[in-house]
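Only one structure is covered here, and it is reproduced in the block below.
Not measured: the values here are computed from a predicted model. Ligands are counted one by one from 1 in listed order, and the atoms in each one are counted from 1 as well. Side chains included, hydrogens not; waters and symmetry mates left out as well; all remaining heavy atoms used.
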Amino acid sequence: MEGVTSWAHSVYILLFFSLFLHAQSQQLQSNEQTVLLRLKQYWNNPPLLDQWTASSSPGSHCSWLGVNCTGGSVTELVLSNMNINDTAPSFLCDLGNLTKLDLSYNNIPGGFPKALYNCSKLQYLDISQNYFYFSVAANNFSFDIPPAIGRLSQLRSLYLYQCQFNGTYPAEEIANLSNLMELALAYNTKLIPSAFPVSFTTKLKKLTSLWMTDMNLMGQIPESIGNLESLHFLDLSRNPLTGKIPSSIFTLKNLSYIYIFGANLSGEIPQKIESLELETIDLSANKLTGSIPEGFGELKKLKSLVLMFNQLSGTIPESSGRLPALTNVRLFSNNLSGVLPPDFGLFSPLEGFEVNKNQLTGTLPENLCFNGKLLGVVASDNNLTGKLPESLGNCSGLLIVSVSNNRLSGKVPRGIWTLFNMSIVQLENNGFSGDLPDRISPNLSRIEISSNQFSGNIPESIGSWKNLKVLDASNNLLSGSIPGEITDLPLLETLLLDHNSLSGSLPEVINSWEHLGMLNLSNNRLSGQIPGNMSLLPFT
Ligand SMILES: *[C@@H]1O[C@H](CO)[C@@H](O)[C@H](O)[C@H]1NC(C)=O
Ligand SMILES: *[C@@H]1O[C@H](CO)[C@@H](O)[C@H](O)[C@H]1NC(C)=O
Ligand SMILES: *[C@@H]1O[C@H](CO)[C@@H](O)[C@H](O)[C@H]1NC(C)=O
Ligand SMILES: *[C@@H]1O[C@H](CO)[C@@H](O)[C@H](O)[C@H]1NC(C)=O
Ligand SMILES: *[C@@H]1O[C@H](CO)[C@@H](O)[C@H](O)[C@H]1NC(C)=O
Ligand SMILES: *[C@@H]1O[C@H](CO)[C@@H](O)[C@H](O)[C@H]1NC(C)=O
Ligand SMILES: *[C@@H]1O[C@H](CO)[C@@H](O)[C@H](O)[C@H]1NC(C)=O
Ligand SMILES: *[C@@H]1O[C@H](CO)[C@@H](O)[C@H](O)[C@H]1NC(C)=O
Ligand SMILES: *[C@@H]1O[C@H](CO)[C@@H](O)[C@H](O)[C@H]1NC(C)=O
Ligand SMILES: *[C@@H]1O[C@H](CO)[C@@H](O)[C@H](O)[C@H]1NC(C)=O
Ligand SMILES: *[C@@H]1O[C@H](CO)[C@@H](O)[C@H](O)[C@H]1NC(C)=O
Ligand SMILES: *[C@@H]1O[C@H](CO)[C@@H](O)[C@H](O)[C@H]1NC(C)=O
């Protein structure tokens with residue numbers, strides 16, 4: 001009897017307990033639902049959150065737009081780009097299990113939302129804002145309570161880019177967030193200039209991504225940056241830095257992306273390259289001197305080599321021509337010399353090749369378009385010799401060939417004129433010869449071939465070159481008469497045919513030169529009268 005009672009009692013207690021638990025979890029869910037509904041109301045019911053409506057079915061808020069739950073409790077709020085225009089209220093952290101909060105691309109005023117310091121489990125916080133989404137009134141941020149951010153000790157990802165912060169930022173407190181893997185402070189252009197925080201390099205050992213573009217970093221990049229062994233992405237571009245690129249950067253084994261362009265760096269690029277994972281190197285627009293490291297030619301994953309606008313000299317490492325992933329080569333406006341590595345294009349899906357404004361000699365690589373992806377060859381202002389590679393005439397994606405101011409010669413591959421996408425052909429000031437094409441690509445808008453040895457007639461088919469805006473063929477050996485069809489080009493802005501051997505009379509009927517602003521036919525053997533209607537041209 002006593003046993004039965006005790007058994008019944010236990011059942012009763014169990015039953016009571018499970019009911020209680022059930023009620024408690026209902027309570028919990030509706031509590032969190034209430035918090036979300038309060039949030040919506042606090043933010044003046046943004047239309048994008050219309051779906052957030054009270055419901056008695058348990059856990060229904062877990063499927064609301066932007067909400068994720070774990071074990072029935074809200075753990076993630078992703079409210080990026082929801083037209084939120086008020087600050088984050090303190091009760092937001094009543095969602096006590098929140099690990100991820102994304103309020104980026106909104107219009108939240110009033111600086112870093114202080115309430116968030118109570119969301120102690122946050123691992124991921126993004127309040128970055130594109131300032132195009134901002135009103136000026138909202139750009140009134142400053143990091144005015146620095147120490148508190150140190151409380152968010154679980155943070156792994158902190159995104160504060162483009163927040164219009166002014167004043168200083170709490171570098172030491174951020175450096176205390178020892179779990180950080182991703183840190184983005186970029187594009188806070190109004191921050192008071194400050195040195196690169198050495199403590200980031202000594203304390204944030206787990207960083208994989210450090211994005212500090214354009215935030216007024218001054219002074220040198222500390223050599224200790226080499227401590228950040230997990231670093232995968234590094235962007236320090238557009239800061240008024242000084243000094244050299246620390247050699248330790250290129251010891252980082254996991255570094256895949258390095259962007260330090262427009263950062264006023266000087267000295268040589270470190271020669272010892274151990275960062276074999278590199279995919280992008282962009283050190284453009286600095287004051288770098290010395291040569292391109294041979295080691296760049298060992299980077300099997302390298303896609304983009306971007307070093308333009310520096311003072312680099314010496315030759316381009318020959319092995320870089322054989323890199324299997326290389327897509328973009330942008331080395332223009334340096335002081336590079338020697339011959340171009342002959343294998344460029346042969347082993348990789350090369351798209352862009354820009355080596356203009358250097359002192360390069362020798363020929364253009366024969367196989368730039370071997371893999372059929374090439375969009376442009378820009379090699380003007382060098383001292384190149386030889387012919388344009390025949391294979392370029394077969395390169396269907398090509399948009400631009402610009403090789404002016406070299407010592408190239410020979411005939412131009414026919415395809416250069418006719419490839420469907422071709423828009424710009426610049427061959428000025430070389431020794432090219434041969435006839436003008438009969439037919440050109442419908443997209444060709446600029447033909448600049450002055451100071452060469454092109455000969456023969458201007459074809460009558462020129463009347464079909466309808467998209468031509470610029471034809472500069474001055475200073476060649478063109479002969480014959482100027483076909484009347486040349487006046488059928490409705491977009492033509494510039495026509496320069498001076499210093500040739502053209503003869504006969506000028507075209508009588510000007511059909512459609514509506515945009516012509518520059519015309520020079522001087523120094524030919526033209527005769528006859530200037531047609532009366534030529535004076536009606538809309539020269540500008
Ligand atoms: C803020 O957002 C709410 C909801 O989208 C809207 O009703 C209100 O007009 C906005 N206020 C301002 C000042 O833009
Ligand atoms: C919710 O979690 C799922 C699965 O992890 C994820 O795909 C989704 O993007 C998350 N949604 C939000 C709003 O975080
Ligand atoms: C957080 O989640 C745990 C386990 O799911 C739960 O017991 C607790 O009540 C939740 N906390 C809040 C504030 O919702
Ligand atoms: C953080 O929470 C405590 C109590 O839990 C509260 O007193 C305090 O006002 C909160 N701080 C903020 C900034 O919301
Ligand atoms: C900017 O912040 C200052 C001080 O915090 C405040 O007095 C001022 O009203 C704010 N301006 C705007 C436009 O919000
Ligand atoms: C930050 O911006 C606010 C609003 O424009 C301004 O009042 C304040 O003086 C600025 N602070 C600094 C340090 O520039
Ligand atoms: C960083 O963390 C340490 C240890 O918790 C603490 O003593 C120190 O005050 C913190 N530094 C800052 C600047 O918050
Ligand atoms: C480098 O990356 C690999 C592969 O992602 C990873 O296994 C390794 O732990 C990383 N090394 C460091 C130091 O983070
Ligand atoms: C670049 O560095 C030089 C010193 O090396 C300095 O005189 C100059 O002001 C710096 N320029 C910028 C934009 O910071
Ligand atoms: C470029 O190199 C030449 C010699 O190769 C040298 O005379 C010249 O000073 C260099 N120019 C710059 C800007 O470094
Ligand atoms: C190009 O080469 C010629 C002959 O070697 C040389 O005289 C000339 O100075 C070079 N031009 C440039 C711009 O380097
Ligand atoms: C151009 O392409 C045609 C057909 O694909 C091929 O027969 C020819 O050899 C190619 N010419 C060059 C110079 O690559």
| field | Those atoms of ligand 7 less than 4.0 Å from some heavy atom in Glu173 | value | 13 (C), 14 (O)

| message | Tell me whether Thr70 has any N or O atom under 3.5 angstrom from an N or O of ligand 3. | response | no

| query | Is Glu229 atom CD crowded by more than 12 heavy atoms from other residues, nucleotides or ligands, each under 6.0 Å away? | reply | no

| said: Can you name the atoms of ligand 3, numbered from 1 with element, that are less than 4.0 Å from a heavy atom of Asn97? | reply: 1 (C), 2 (O), 3 (C), 8 (C), 10 (C), 11 (N), 12 (C), 14 (O)

| said: Donor-acceptor pair, distance only, cut-off 3.5 Å: does the side chain of Ser248 make one with the backbone of Glu223? | reply: yes

| Is it true that atom CD of Gln41 has more than 12 heavy atoms of other residues, nucleotides or ligands lying nearer than 6.0 Å? | no

| query | atom 4 (C) of ligand 9: which protein heavy atom is closest, and how many Å away? | reply | Lys287 NZ, 4.3 Å

| said: Just to confirm my output: which protein heavy-atom neighbour is closest to atom 13 (C) of ligand 9, and how far is it? | reply: Asn264 ND2, 4.2 Å

| field | Sub-4.0 Å heavy-atom contact, Met218 with ligand 9 | value | no

| message | Under a 4.0 angstrom heavy-atom cut-off, which atoms of ligand 9 come close to Pro240? | response | 14 (O)

| query | Any protein heavy atom lying closer than 4.0 Å to atom 11 (N) of ligand 9? | reply | yes

| query | What do you reckon, is CZ of Arg322 surrounded by more than 12 foreign heavy atoms closer than 6.0 Å? | reply | yes

| Has the side chain of Asn286 got a donor or acceptor atom that lies under 3.5 Å from a matching backbone atom of Ser284? | yes

| task | Would you mind listing which atoms of ligand 3 come within a distance below 4.0 Å of any non-hydrogen atom of Gly96? | result | 13 (C)

| request: Quick one: sort the Tyr161 and Tyr159 rings into parallel, tilted or perpendicular, breaks at 30° and 60°. | output: perpendicular

| task | State plainly whether the residues Glu351 and Lys373 are in salt-bridge range, i.e. N to O under 4.0 Å. | result | no

| query | Is Asp94 in polar range of ligand 3, meaning some N or O pair under 3.5 Å apart? | reply | no

